[in-house]
Amino acid sequence: MTEIFGENLIADQNAKLADRLAQDYEHLAGQLQHRGIDVEEITHKARAFAIAVPSWGTGTGGTRFARFPGPAEPRNVFEKLEDCAVINKLVRCTPSVSPHFPWDKVDDLDELKEHTDNLGLAFDAVNSNTFQDQPGQAHSYKFGSLSNTSQAVREQAIEHNIECIEWGKILGSNALTVWVGDGSNFPGQQHFVHSLERYLDSARKIYDAIPDDWQMFIEHKMFEPAFYSTVMQDWGTNVLCAMELGPKAKSLVDLGHHAPNVNIEMIVARLIQFRKLAGFHFNDSKYGDDDLDSGSINTYQQFLVFNELVDAEYRNAPDFDPAYMLDQSHNVTDPIESLMNSAAEVQRSFVKALLVDREALDEYQDANDALMAANTLKIAYNTDVSPILAMARMRSGGAIDPIATFRAADYRQQLASARPAAGGSSSGIV
Ligand code: LRH
Ligand code: MN
């Protein structure tokens with residue numbers, strides 16, 4: 001489907017904006033030069049930035065109340081990947097896709113790998129799913145999976161994770177993300193210690209199946225689907241378990257999995273310090289795990305997270321190689337537009353963090369000059385780096401304005417006949 005975006009369409013759209021971009025870029029170059037920053041060095045780093053797209057984010061998402069699918073929704077993993085290729089063709093910073101099993105499971109994984117290679121994409125971390133019961137499944141996950149009181153259920157969940165590793169190997173992935181919704185809805189319903197002991201025992205069996213060149217990403221979440229306690233509830237439980245399991249296990253931070261106002265950037269700093277930062281599921285939220293578009297609500301927090309990540313690079317933090325992924329649910333926007341916008345907004349936070357004068361910041365921090373330290377971050381944050389992001393896209397063969405170019409292509413209309421709607425609204429994640 002990327003042929004809908006023939007070279008000409010992107011070039012034609014860029015031609016309308018190139019002069020204005022050159023002016024804006026030159027102006028920003030001058031501003032940064034005054035601050036001793038080489039704009040070309042920053043643009044080079046912006047072009048190297050990459051974030052994975054969630055396969056499950058390419059279809060319209062929903063809530064327990066309803067899902068309102070849009071036109072020409074992807075109907076299978078092959079079409080999801082075609083949409084991911086469109087995203088990368090326009091924003092040039094999403095070269096990989098994170099699959100979710102069994103949602104993306106097909107009989108011929110070699111064919112899926114070939115399809116993905118042909119689209120110029122790669123697979124990122126694979127995600128297991130022991131939070132839903134599949135048709136014909138022997139044991140239910142109603143009362144949990146890896147921490148379930150039933151050994152048979154735990155073994156079924158362990159087996160599924162090990163299968164995901166085998167499938168991931170065929171797809172060329174090198175990490176398994178394990179998120180479980182295990183928990184309780186009533187005080188007294190679950191023994192906090194026994195349930196975590198069962199979780200750890202199960203996780204060890206999965207860990208032992210992790211290849212030496214792979215990693216196991218443990219994802220914590222405060223609540224939902226359990227609403228009183230969650231076995232893997234917070235970063236503390238997460239990092240303790242990752243340390244307990246071994247060097248291949250690290251802690252993944254989904255930004256929406258924390259209570260409002262939690263200092264997520266400090267959690268990131270802690271995980272980096274103890275060499276246990278797996279990476280991220282970027283999204284935004286105002287209340288719960290809202291899975292809203294990254295950078296749509298709390299842009300300063302996202303910038304502060306990247307300030308910790310860039311600082312880690314700056315001080316050569318050991319074992320620092322975080323995986324960046326989006327994990328969002330697009331209920332009222334075109335998923336392709338939201339994923340393009342979100343990838344660019346995460347890239348924006350990264351680029352702004354590159355502009356922080358770290359030597360000055362170190363001095364102000366050592367001198368306890370709180371105001372100037374805070375302002376040193378704000379100077380970077382308040383810099384409009386849009387020309388750098390657009391120049392990075394253009395130089396990498398993408399669109400100066402991805403949304404305008406996507407709309408100019410009339411992608412959904414052109415695909416409507418090829419992708420007849422499945423019909424009707426339904427609930428839940430695609
Ligand atoms: C859980 C979660 C997890 C995925 C799911 C789609 O809320 O963030 O990362 O498996 O969303
Ligand atoms: Mn997530």
Side-chain angles (χ1 to χ4, degrees), residues 51-64 67 74 77 80 84 96-105 123-134 141 144-147 157 160-161 163-165 167-168 173 175-183 206 215-227 230-235 237-238 250-259 262 264 267-268 271 277-285 287-294 302 305 322-331 335 338-339 342-343 346 427-430:
I51 184 164
V53 166
S55 63
W56 62 93
T58 56
T60 299
T63 71
R64 59 185 165 172
R67 187 178 81 89
V77 64
K80 290 179 184 179
C84 293
S96 62
V97 178
S98 188
H100 216 300
F101 294 124
W103 296 338
D104 297 327
K105 181 66 175 66
F123 281 106
D124 208 290
V126 298
N127 296 267
S128 60
N129 177 342
T130 59
F131 51 86
Q132 293 174 324
D133 289 345
Q134 305 304 325
Y141 293 131
S145 59
L146 299 179
S147 72
H160 166 67
N161 278 278
E163 274 182 321
C164 288
I165 296 169
W167 298 336
S173 179
L176 168 70
T177 297
V178 182
W179 170 70
V180 297
D182 297 20
I206 298 170
Q215 292 189 308
M216 180 175 171
F217 297 165
I218 299 175
E219 183 177 3
H220 58 274
K221 181 175 180 178
M222 185 173 67
F223 75 99
E224 186 203 44
F227 294 100
T230 293
V231 172
M232 186 49 66
Q233 181 160 47
D234 54 51
W235 78 276
T237 306
N238 192 334
K250 292 192 173 182
S251 304
L252 183 135
V253 177
D254 183 312
L255 271 69
H257 288 186
H258 306 84
V262 161
I264 297 175
I267 293 172
V268 170
L271 292 173
L277 178 63
F280 298 86
H281 279 179
F282 284 106
N283 48 58
D284 216 329
S285 53
Y287 306 104
D289 186 22
D290 309 341
D291 280 340
L292 299 175
D293 290 10
S294 300
Q302 187 171 279
V305 166
Y324 298 151
M325 292 165 274
L326 295 169
D327 179 3
Q328 301 174 179
S329 178
H330 311 110
N331 304 354
S338 274
L339 287 165
S342 301
V346 176
S427 69
I429 294 178
V430 171

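Each ligand, and each atom within it, is numbered from 1 in the order the structure gives.
Taking every heavy atom of Asp254 and a limit of under 4.0 angstrom, the matching atoms of ligand 1 come to 8 (O). Ligand 1 places these atoms under 4.0 Å from at least one heavy atom of Glu219: 2 (C), 3 (C), 8 (O), 9 (O). Each of the atoms 7 (O) of ligand 1 lies under 4.0 Å from some heavy atom of Asp289. Of all atoms in ligand 1, numbered sequentially from 1 with element shown, those under 4.0 Å from a heavy atom of His281 are 9 (O).
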Show, in sequence, the C-alpha distance, side-chain angles and deciding distance for Glu219 and His257, and conclude whether the side chain to side chain contact (heavy atoms under 4.5 Å, CB included) test is met.
CA-CA 9 Å; Glu219 183 177 3; His257 288 186; 3.0 Å; yes
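The shortest N/O to N/O separation between Trp179 and ligand 1 does not fall below 3.5 Å. Considering backbone and side-chain N/O atoms, Asp327 comes within less than 3.5 Å of an N/O atom of ligand 1. For Trp56, no nitrogen or oxygen atom sits less than 3.5 Å from a nitrogen or oxygen atom of ligand 1, counting backbone and side chain alike.
Between Tyr324 and Phe280, the angle of the ring planes lies from 30° to 60°, which puts this pair in the tilted group.
Note on Asp254 versus Lys221: no salt bridge recorded, every NZ/NE/NH1/NH2 to OD/OE distance being 4.0 Å or above.
Residue contacts with ligand 1 include His257, since one of its heavy atoms falls under 4.0 Å from the ligand.
Here His281 contributes ND1 and Asp327 contributes OD2, and at the Mn ion (ligand 2) these two atoms make an angle of 100°, given to 10°.
No side-chain donor-acceptor contact under 3.5 Å links Asn283 and Ser294.
Contacts between Thr177 and ligand 1 below 4.0 angstrom, taking non-hydrogen atoms only, are absent altogether.
For Trp56 and His100, the ring centers are positioned less than 6.0 Å apart.
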